[in-house]
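Taking it in order: structure first as structure tokens, then the write-up.
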Amino acid sequence: RTFQRAIQVRPQYGASYEWLGTFYAEHARYQEAARQFTQAIALAPDNPHSYRKLGGAYIFMGRYLKAIEVLQKAIALYPTSGAYSNLGIAYFNVHHFDDAVAAYEHACTPTSKDYIACGNLARAYYWAPGRRSQATEYYRRAIALAEERLSINARDGDPHILTSSYYAMLGDRRHALEHLQRALELRPNEPEYLLTAAIVHNQVGENDVALEWLEAAVRQGYSASEIKVAPELDNLRGEARFQKLVEPR
């Protein structure tokens with residue numbers, strides 16, 4: 001109501017629409033978020049941040065080609081690591097893995113301290129044809145950067161949950177489950193954490209457990225579109241429980 005009141009007071013001020021859109025996005029109301037970001041762009045068409053956020057909303061809506069379009073616009077206006085990361089996600093989700101690598105390489109540079117960007121690059125290398133051998137280096141780099149964050153704040157759930165996925169992709173079951181357990185203790189109802197729990201358990205061969213976590217993620221509002229395109233879950237696609245989760249509602 002406060003954001004809406006701000007818009008009523010100054011309807012030509014684009015930032016208020018962006019703030020409201022961000023609020024909607026944080027609560028998984030992506031269509032409403034996209035409408036607000038679109039309005040912000042109409043009022044301030046040279047603001048790259050609104051394009052970046054609109055691209056993120058389109059990703060969660062499953063509109064990946066539209067996301068690529070607006071994220072390319074954001075980068076043309078002002079290239080940032082965040083815009084390249086979102087572009088990489090959009091390319092990854094349409095399985096253009098080499099294009100995802102190219103985008104993520106702008107986010108995970110040789111001097112980058114961003115463990116998320118480097119983990120994303122590792123993931124793209126893992127799935128890009130003929131480039132899986134390059135993934136190990138970047139998964140280990142992402143783990144090291146995440147551990148630096150945890151040395152500062154061991155109660156930060158994000159490094160724990162992503163590190164669990166990195167270890168799982170490296171085949172290190174013990175460390176993957178240790179970090180997963182810690183992350184879920186800190187934020188037990190976070191939808192993205194629940195999805196990662198599914199990916200980790202699936203990666204270590206616990207398919208039924210993975211499906212339980214997927215069901216929990218959807219109950220908490222996680223995007224079925226994102227689940228549908230995750231290549232880490234390809235082996236579950238024939239399962240009736242999986243198909244029920246991703247079918248149109």
Identify every side-chain donor-acceptor pair in residues 69-84 under 3.5 Å, counting partners at least two apart or on other chains, and give the distances.
unit_1 : atom_1 : unit_2 : atom_2 : d
Q72    : NE2    : Y91    : OH     : 3.1
T80    : OG1    : A83    : N      : 3.1

Could you go through Y104 and H106, starting from their C-alpha distance and side-chain angles, then the distance that decides it, and tell me whether this counts as ring pair (Phe, Tyr, Trp, His ring centres under 6.0 Å)? CA-CA 5 Å; Y104 285 139; H106 287 279; over 10 Å; no
Show the nearest heavy-atom pair for residues H175 and D172, with the distance to one decimal. ND1-OD2, 2.9 Å
Apply salt bridge (charged side-chain N to carboxylate O under 4.0 Å, His left out) to residues R174 and E178 and explain how you reach the verdict. CA-CA 6 Å; R174 180 172 70 86; E178 284 176 359; 3.1 Å; yes
side-chain contact (heavy atoms from CB on, under 4.5 Å) between L214 and L233: does it pass, once the steps are laid out? CA-CA 10 Å; L214 282 179; L233 303 174; 3.9 Å; yes
Is there a side-chain contact (heavy atoms from CB on, under 4.5 Å) between R149 and K113 once you walk through the steps? CA-CA 10 Å; R149 289 283 297 273; K113 296 294 184 181; over 6 Å; no
Contact between L150 and E147 at the side-chain level, heavy atoms closer than 4.5 Å - yes or no? yes
Enclosure of Q8 CD (heavy-atom neighbours >12, cutoff 6.0 Å): yes
Between P191 and A217, what is the shortest heavy-atom contact and its length? O-CB, 3.9 Å
Listed by chain and number, what are the ring pair (Phe, Tyr, Trp, His ring centres under 6.0 Å) partners of H160, not counting sequence neighbours? H179
Between Y222 and A28, is there a donor-acceptor pair closer than 3.5 Å when you use the side chain of the first and the backbone of the second? no
Roughly how far, to the nearest 0.5 Å, is CG of L186 from OH of Y193? 7.0 Å
List for me each residue that meets ring pair (Phe, Tyr, Trp, His ring centres under 6.0 Å) alongside Y125, sequence neighbours excluded, and say none if there are none. Y138
Do F23 and Y58 belong together in a cluster built from hydrophobic side chains that touch within less than 4.5 Å? no
Pair D158-Y115, side-chain contact (heavy atoms from CB on, under 4.5 Å): steps then yes or no: CA-CA 10 Å; D158 289 349; Y115 69 94; 3.4 Å; yes
In this structure, NZ of K228 is separated from CD of E226 (nearest 0.5 Å) by 12.5 Å
Closest non-hydrogen atoms of G55 and A67, given as atom of the first, atom of the second and distance, are O-CB, 3.5 Å
Side chains of E18 and N47, donor plus acceptor under 3.5 Å: yes
When every non-hydrogen atom of M61 is compared with those of A34, the smallest separation belongs to SD-CB, 4.0 Å
Is there a path of hydrophobic side-chain contacts, each under 4.5 Å between heavy atoms of I/L/V/M/F/W/Y residues, joining F3 to V9? no
Connected via hydrophobic side-chain network under 4.5 Å: L195 and V246: yes
A side-chain contact here means heavy atoms from C-beta on lying under 4.5 Å apart; do D99 and I68 qualify? no
Donor + acceptor pair across side chains of Q243, E247 (<3.5 Å): no
Find out whether D114 and L145 are in side-chain contact, i.e. whether some heavy atom of one side chain is under 4.5 Å from a heavy atom of the other. no
State which residue, out of E206, H201, Q203, fulfils the side-chain hydrogen bond (donor to acceptor under 3.5 Å, both in side chains) condition with R173. E206
List the atom of Y166, the atom of I116, and the distance in Å for their closest heavy-atom pair. OH-CA, 3.9 Å
To the nearest 0.5 Å, what is the distance between CD1 (I161) and CG (L180)? 5.0 Å
Would a hydrophobic clustering, with Ile, Leu, Val, Met, Phe, Trp and Tyr connected at side-chain separations under 4.5 Å, put Y13 with Y24? yes
Could R123 and E232 be called an ion pair, given the rule that one side-chain N must be under 4.0 Å from one carboxylate O? yes
Nearest 0.5 Å please: distance from the CD atom of Q36 over to the OG atom of S16. 10.0 Å
Are L65 and I89 connected into the same hydrophobic cluster when the rule is that any two of I, L, V, M, F, W, Y join if their side-chain heavy atoms are below 4.5 Å apart? yes
Output for pair (L162 CG, T196 OG1), nearest 0.5 Å, gives 6.0 Å
Donor-acceptor pair, Y51 side chain versus F37 backbone, under 3.5 Å? no
Where L194 and P188 come nearest, the two heavy atoms and their spacing: CD2-O, 3.6 Å
Starting from the C-alpha separation in whole Å, work towards a yes-or-no answer on side-chain contact (heavy atoms from CB on, under 4.5 Å) for Y64 and S225. CA-CA 10 Å; Y64 304 120; S225 296; 3.8 Å; yes
What I want to find out is whether R187 reaches E192 closely enough, with some N-O distance under 4.0 Å, to be called a salt bridge. no
When rounded to the nearest 0.5 Å, the distance separating CG of L20 from CZ of R5 is 14.5 Å
